[in-house]
Structure formats: structure tokens, C-alpha cells
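Here the structure is a predicted model, which is why all the values come from computation and not from measurement. Numbering starts at 1 and runs along the sequence shown.
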Amino acid sequence: MAPNGVVSDKSLIVSFGEMLIDFVPTVSGVSLAEAPGFLKAPGGAPANVAIAVSRLGSKASFIGKLGEDEFGHMLADILKQNGVSGDGILFDQGARTALAFVTLRADGEREFMFYRNPSADMLLTPEELNLDLIRSAKVFHYGSISLIVEPCRSAHLKAMEVAKESGALLSYDPNLRLPLWPSADEARKQILSIWDKADIIKVSDVELEFLTGSNKIDDETAMKLWRPNLTLLLITLGEKGSMYYTKYFHGSVDAFHVNTVDTTGAGDSFVGALLCKIVEDPTILENESKLREVLKFANACGAITTTKKGAIPALPTEAEVLALINGA
């Protein structure tokens, strides 16, 4: 064990950022105003990734700040129940846990209305970071929502720097939520401001278009997001699978076709699966046939996650993923 009881073996995946509660309407295909009622669904992309990792049997920890309120303690308990280490969780006395009201369109896609003014996750300071935990990470994963405002932005940058110095792989999923940013231009600028720090970046087709300004999904557009520091760039295409780019090879892997109910958490499930496999065997980043197998596994994870409402209940176990792959 490292100081402060932190797990010190180098197989730990640490997720940094926000955890919140999504209020999801009980009926799909209606506006927020028309929804007859809402169900509480714990979420927040970095937290979803941590739980995805744990459910697949790897070691996960979450770093973030919650409100000192019932919802905050509920979220901390959900992490614990799902085998995610809470060594990096803090509680804010003055601010509430973030909430989001989510509209589920008839096609399973989502629209968001956020309550964060400010929420506890935005108030994490660099001084509050559990540096021992960050130093013990094999992979350090983060998004871009934690870059929007201070002091959380400084905490994010400091955590990335410490993880990098300690030899962790840096994994970045921007997870664009435009309503949270002051403007689209500011979102693009800040999301790209840390682009050259990451080893692995995953973007969706929508984010590819947003960041490049091109509505073409092809190699030429993807390469606009390539940087020399990158080991792996991934573009997820929903039901069309995923595209991958490394220094040595690139290609695409088909999706699994399932009955999609709710796309929440599918990208997080994909990322969690990928990170688990990289921790088990880092050589997959240099071996195309191994990487394709891993991406097939990650695509299956993403697909399964869309078959149930809510992210966390839908995140699969390894047995469920193998059943889909072997049955396909």
C-alpha cells in the first residue's frame, strides 16, 4: 500500500471529474414540460467510466467533489456499491450536488437542462486533490466539463500534470455538453487547449464535426485531430461502430446491432472497456489485430449499454459482453 491507504499496484484506472444525478422522464419522446414524472439516474461521464471499469473486473477510483447533501452521499454510496474506490471523493458544505434533467427523444438520443450554479463538482481546488491516488494511477481518465470554470479547471490541470509526471497514460473523452459552456467557440477553444497532453483520445462523430468544422466523417477529417503526442485516437460512430488511428495503422470496426432504448453511457462503457484492456496488456496499442479485438469488445460494451434506460444499471459485465460477441 502507498501512503494514506491508497492502492499502489499499477493497474489502477483513476477517473477525474463530475458525478451528478440525471432526472430521466418516465416517458420517452416528450419534452421536459410534458413529462409526467422523472426517475433518478446517477451519472456523470467520468463516474460512469469508473463504474464501467469496475464492473468489467478492473480496479477503478473516482476523484471529484459532491455536495454535502443526500444526493451527494447517495452518489458516493453508488460508487462504493459498484466497487469503485472513494479515496478521491470530497464533499462541499456550501454547494449542492449537480443535477441534470434529460429529455429522451423517441430515437433514444438526449437533450439536457443542467442545474449547476455552482454545483459542488465545480468547486474542487488543486489543494484538495489526493495526489497519492493520482500518482498510483496506471491510467488517468478525464473529460472537459471540469475545464469550464475555476477552481475546478486548475485542479484538473494540476491532476493531469501529476498523473503525467508519475508515468500514467492520459485518457481524454471531451464529452461535449454545449449548454454548460459560455459559447460554442469557448467550448472548442478549451476542449482543444489540452489536446496535446493526452495519450488516448476518444471523440464521438458529433464531437468530430464540432471540433473540426467538417461534416464529413473520413480519415482526412479525423487526421485534423491527430497530434504527435497521441498513441490512439478513436472516433465512435454509434450504430456504425468505431474508427481508430495510431502512428502505425488505422481502420474501423463494425458495431453490434441491438434494440436501442437509451444511448446514455454508451460512450463511457466503450471507454471503460478499452481502458481495462489496455491496463491488462499495453501492447494492444502497437498491435493492430489485438487492438481490433479490443475495439470489438468495447463496441459490444457500448451496444449493451444502450439496451436499458440509464447509464449505470446498463453497464455490462464481461460475461454479458462475451455472450453478445459469441452470439453475434
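For the pair D121 and R116, the salt-bridge criterion is met [side-chain N within less than 4.0 Å of a carboxylate O]. Salt-bridge annotation for D173 and K202: present, with a side-chain N of the basic residue lying under 4.0 Å from a carboxylate O of the acidic one. Of the charged side-chain nitrogens involved, none lies within less than 4.0 Å of a carboxylate oxygen, so that R188 and E209 do not count as a salt-bridged pair. For D262 and K308, the salt-bridge test fails: no basic side-chain N is under 4.0 Å from an acidic carboxylate O. A salt bridge is defined here as a Lys NZ or Arg NE, NH1 or NH2 lying under 4.0 Å from an Asp or Glu carboxylate O, and K240 with D254 fails to meet this definition.
Within a 6.0 Å radius of CZ in F112, other residues, nucleotides and ligands contribute more than 12 heavy atoms. Counting non-hydrogen atoms of neighbouring residues, nucleotides and ligands closer than 6.0 angstrom, the CZ atom of R96 reaches no more than 12 such neighbours. By the 6.0 Å contact criterion, NZ on K216 is open, its count of non-hydrogen atoms from other residues, nucleotides or ligands being 12 or less.
Taking the six-membered ring for Trp and the full ring otherwise, H156 and F16 have centroids separated by under 6.0 Å.
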- prompt: Between E128 and T125, does a side-chain hydrogen bond (donor to acceptor under 3.5 Å, both in side chains) hold up when you go through it step by step?
  reply: CA-CA 5 Å; E128 292 174 311; T125 67; 3.2 Å; yes
- prompt: Taking it one step at a time, do H73 and E68 satisfy side-chain hydrogen bond (donor to acceptor under 3.5 Å, both in side chains)?
  reply: CA-CA 7 Å; H73 286 285; E68 181 65 73; 2.5 Å; yes
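For the side chain to side chain contact (heavy atoms under 4.5 Å, CB included) with M243, the qualifying choice from I217, V253, T236, L208 is I217, the only one to do so. Under the side chain to side chain contact (heavy atoms under 4.5 Å, CB included) rule, I312 has a single partner from D268, N82, L79, which is N82.
F91 does not carry K65 over the face of its six-membered ring by the limits of under 6.0 Å from the centre and within 45° of the normal.
In this structure, a donor-acceptor pair under 3.5 Å is absent between the side chains of T283 and E286.
One distance of note links OG1 of T97 with CG of D69; it measures 3.5 Å at 0.5 Å rounding.
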